[in-house]
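Numbering starts at 1 and runs along the sequence shown. Order of listing sets the numbers, starting from 1, for every ligand and every atom in it. Note that these values count all heavy atoms, side chains included, but never hydrogens, waters or copies made by symmetry.
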Amino acid sequence: MRTLQLADKTVPVIGQGTWRMGEDRHRRQDEVTALELGIELGLNLIDTAEMYGEGGSEEVVGQAIAGKRDQVTLVSKVYPHNASRKGIPAACERSLQRMKTDYIDLYLLHWPGSYPLEETIEAFERLREGGKIGRWGVSNFDVADMLELKGIDSDSACATNQVLYNPEERGVEYDLMPWMQTADMPLMAYCPIGQAGNLLMNPAILEVAERHDATPAQISLAWVLRQDGVIAIPKAVDPHHLRLNADAAKIELSIDDELLIDTSWPAPSRKKRLAMV
Ligand SMILES: NC(=O)c1ccc[n+]([C@@H]2O[C@H](COP(=O)([O-])OP(=O)(O)OC[C@H]3O[C@@H](n4cnc5c(N)ncnc54)[C@H](OP(=O)(O)O)[C@@H]3O)[C@@H](O)[C@H]2O)c1
């Protein structure tokens with residue numbers, strides 16, 4: 001599996017998302033088993049958040065990484081309403097307890113909130129000094145937010161910005177992605193297969209899939225990963241999906257493939273508001 005450097009660690013370009021996990025105790029064992037299989041397949045970058053299942057997702061992750069914490073790069077996110085001087089250490093402690101670990105590799109602000117960024121960054125830095133987190137970063141930040149952050153984060157400590165990115169939603173290509181590339185900051189692409197919606201039935205995606213003897217979801221992942229500095233974090237509970245996702249990193253799209261996909265979703269020619277789900 002292709003790798004890149006994220007938060008001072010070498011990580012696979014495909015990780016595992018966990019939104020919607022930990023919401024139903026009847027599905028919990030399948031979710032744990034899926035994350036374990038993903039780790040075996042080399043998808044040992046796991047993305048979670050205190051928001052997912054209101055902590056349930058972090059509990060599932062904790063079960064899946066038990067006994068193999070050091071094999072996994074763990075990303076979690078703090079709610080903006082907890083991103084204060086006092087709120088961040090408390091939220092982090094709760095996340096650590098749910099995941100039964102003593103450190104988070106990468107801790108993100110889930111989206112811009114109302115606490116001053118200086119305060120949030122200061123609290124992240126304290127956690128880093130105390131060894132509770134390895135690095136910190138942000139999510140759902142547009143260019144203007146990144147510029148504000150950059151004005152405060154003079155040491156460029158921010159390790160990533162996690163944003164929505166897939167063939168249907170490529171607005172970030174206009175300005176955010178180039179900005180991050182210049183800053184040498186990896187982009188974590190969420191919903192990289194469009195939450196298995198219409199994207200997977202698009203005729204261009206279907207045709208490219210046929211050319212590569214691959215599935216539409218694999219083509220969407222290969223498309224997201226066609227440039228350097230991007231990490232995709234698909235969520236999959238179905239073991240068949242997990243195996244397909246792990247294999248998708250091997251697919252290399254041709255210029256013709258990309259042009260065909262452009263006919264459905266052209267590259268942005270002007271600034272668009274950052275898309276979020
Ligand atoms: N920072 C943020 O604000 C933010 C927002 C949204 C998401 N995220 C993160 O990004 C992760 C991914 O986004 P997402 O979960 O919303 O959407 P996604 O990964 O694009 O899609 C997940 C859906 O795709 C299905 N799937 C997975 N692999 C497949 C395959 N090979 N073929 C067909 N279907 C497949 C899954 O089914 P099964 O589960 O049944 O396998 C699930 O229904 C989240 O889980 C979360 O960790 C972050």
Side-chain angles (χ1 to χ4, degrees), residues 14-24 27-28 30-35 37-38 41 43 45-53 56-58 60-61 64 72-80 83 95 99 104 106-113 136-142 145 159-170 172 176 186-202 205-206 209 212 214-225 230-251 274-277:
I14 302 183
Q16 300 190 74
T18 64
W19 193 17
R20 308 281 182 221
M21 291 191 187
E23 293 179 354
D24 177 349
R27 294 202 309 253
R28 192 163 280 215
D30 287 346
E31 294 164 353
V32 171
T33 305
L35 291 175
L37 173 62
L41 293 168
L43 311 177
L45 167 68
I46 299 182
D47 177 77
T48 184
E50 62 172 336
M51 185 188 100
Y52 302 161
S57 167
E58 288 181 328
V60 169
V61 171
V72 175
T73 299
L74 207 51
V75 183
S76 192
K77 312 183 201 80
V78 61
Y79 269 127
S95 290
M99 293 190 282
I104 295 169
L106 178 56
Y107 198 37
L108 310 181
L109 174 61
H110 209 146
W111 62 87
W136 59 266
V138 295
S139 176
N140 298 301
F141 268 45
D142 206 344
D145 307 307
T160 192
N161 181 18
Q162 184 180 114
V163 292
L164 175 59
Y165 184 52
N166 62 45
E168 285 176 322
E169 293 290 356
R170 52 189 298 193
V172 297
L176 182 62
L187 182 151
M188 292 184 77
Y190 72 69
C191 304
I193 52 179
Q195 299 187 309
N198 291 337
L199 171 57
L200 303 189
M201 287 172 292
N202 171 269
I205 295 281
L206 287 167
H212 289 268
T215 69
Q218 287 181 307
I219 296 304
S220 188
L221 286 174
W223 184 92
V224 164
L225 297 172
V230 179
I231 297 160
I233 46 167
K235 171 258 180 191
V237 175
D238 181 328
H240 182 55
H241 288 165
L242 277 162
R243 291 182 200 284
L244 289 167
N245 294 352
D247 275 351
K250 295 180 199 144
I251 301 171
L274 183 68
M276 284 175 66
V277 297

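- Rounding to the nearest 0.5 Å places CG of L108 at 6.0 Å from CD of Q162.
- Using a 4.0 Å cut-off between charged side-chain N and carboxylate O, R27 and D30 make no salt bridge.
- The distance from atom CG of L199 to atom CG of L206, rounded to the nearest 0.5 Å, is 9.5 Å.
- Residues A49 and H110 approach most closely at CB-CE1, 3.7 Å, considering heavy atoms.
- Short contacts between ligand 1 and V277, defined as distances under 4.0 Å to a heavy atom of the residue, involve ligand atoms 5 (C), 6 (C).
- The contact set between ligand 1 and A217, taken as ligand atoms under 4.0 Å from a residue heavy atom, comprises 30 (C), 31 (N), 32 (N), 33 (C).
- From the protein, the heavy atom lying nearest to atom 31 (N) of ligand 1 is N245 OD1, 2.8 Å.
- Contacts between P192 and ligand 1 below 4.0 angstrom, taking non-hydrogen atoms only, involve backbone and side chain alike.
- When the options Q195, M276, M188, E31 are ranked by their closest heavy atom to atom 20 (O) of ligand 1, first place goes to Q195.
- At under 3.5 Å, not a single nitrogen or oxygen of P234, backbone or side chain, sits near a nitrogen or oxygen of ligand 1.
- The CD1 atom of I46 sits 5.0 Å away from the CG atom of L35 when rounded to the nearest 0.5 Å.
- Summary of contacts: the protein heavy atom closest to atom 9 (C) of ligand 1 is D47 OD2, 3.5 Å.
- Looking at E58 and T48, their side chains never bring a donor and an acceptor atom within 3.5 Å of each other.
- Of the N or O atoms in K77, none lie within a sub-3.5 Å distance of an N or O in ligand 1.
- Nearest protein heavy-atom neighbour of atom 43 (O) of ligand 1: A196 CB, 4.3 Å.
- For the pair V237 and ligand 1, the shortest N or O to N or O distance falls below 3.5 Å.
- Scanning the protein heavy atoms around atom 12 (C) of ligand 1, the nearest turns out to be I233 O, 3.0 Å.
- Near W19, meaning under 4.0 Å from one of its heavy atoms, ligand 1 places the atoms 6 (C), 7 (C), 16 (O), 44 (C), 45 (O), 46 (C), 47 (O).
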N/O donor to acceptor pairs below 3.5 angstrom from side-chain atoms of residues 215-225, sequence neighbours left out:
from, atom 1, to, atom 2, distance (Å)
T215, OG1, Q218, N, 3.3
Q218, OE1, T215, N, 3.0
Q218, NE2, L244, O, 2.9
S220, OG, P192, O, 2.7

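- Residue D47 holds its CG atom at 6.0 Å from OG1 of T18, rounded to the nearest 0.5 Å.
- Closest to atom 2 (C) of ligand 1 among all protein heavy atoms lies Y190 CE2, 3.2 Å.
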Decide yes or no on side chain to side chain donor-acceptor pair (under 3.5 Å) for N198 and E168, but give the supporting numbers first.
CA-CA 9 Å; N198 291 337; E168 285 176 322; 5.3 Å; no
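- Residue contacts with ligand 1, taken as heavy atom pairs separated by less than 4.0 Å, do not involve N166 at all.
- Near H110, with a cut-off below 4.0 Å to any heavy atom, the atoms of ligand 1 are 1 (N), 2 (C), 3 (O).
- Between the side chain of N166 and the main chain of E169, a donor-acceptor pair closer than 3.5 Å is present.
- Residue-level proximity to ligand 1 for W111 is absent, since no heavy atom of it falls below 4.0 angstrom.
- Annotation: atom 3 (O) of ligand 1 to nearest protein heavy atom, N140 ND2, 2.9 Å.
- Contact annotation for A236 and ligand 1: heavy atoms of both the backbone and the side chain come within less than 4.0 Å of the ligand.
- For atom 37 (O) of ligand 1, the closest heavy atom belonging to the protein is H241 ND1, 3.6 Å.
- T73 places no side-chain N or O within 3.5 Å of a backbone atom of L45 that could act as its donor or acceptor partner.
- Nearest to atom 27 (C) of ligand 1 among the protein's heavy atoms is K235 O, 3.1 Å.
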Quick one, M51 with K77, criterion side chain to side chain contact (heavy atoms under 4.5 Å, CB included). Give me CA distance, side-chain angles, the key distance, then yes/no.
CA-CA 8 Å; M51 185 188 100; K77 312 183 201 80; over 6 Å; no
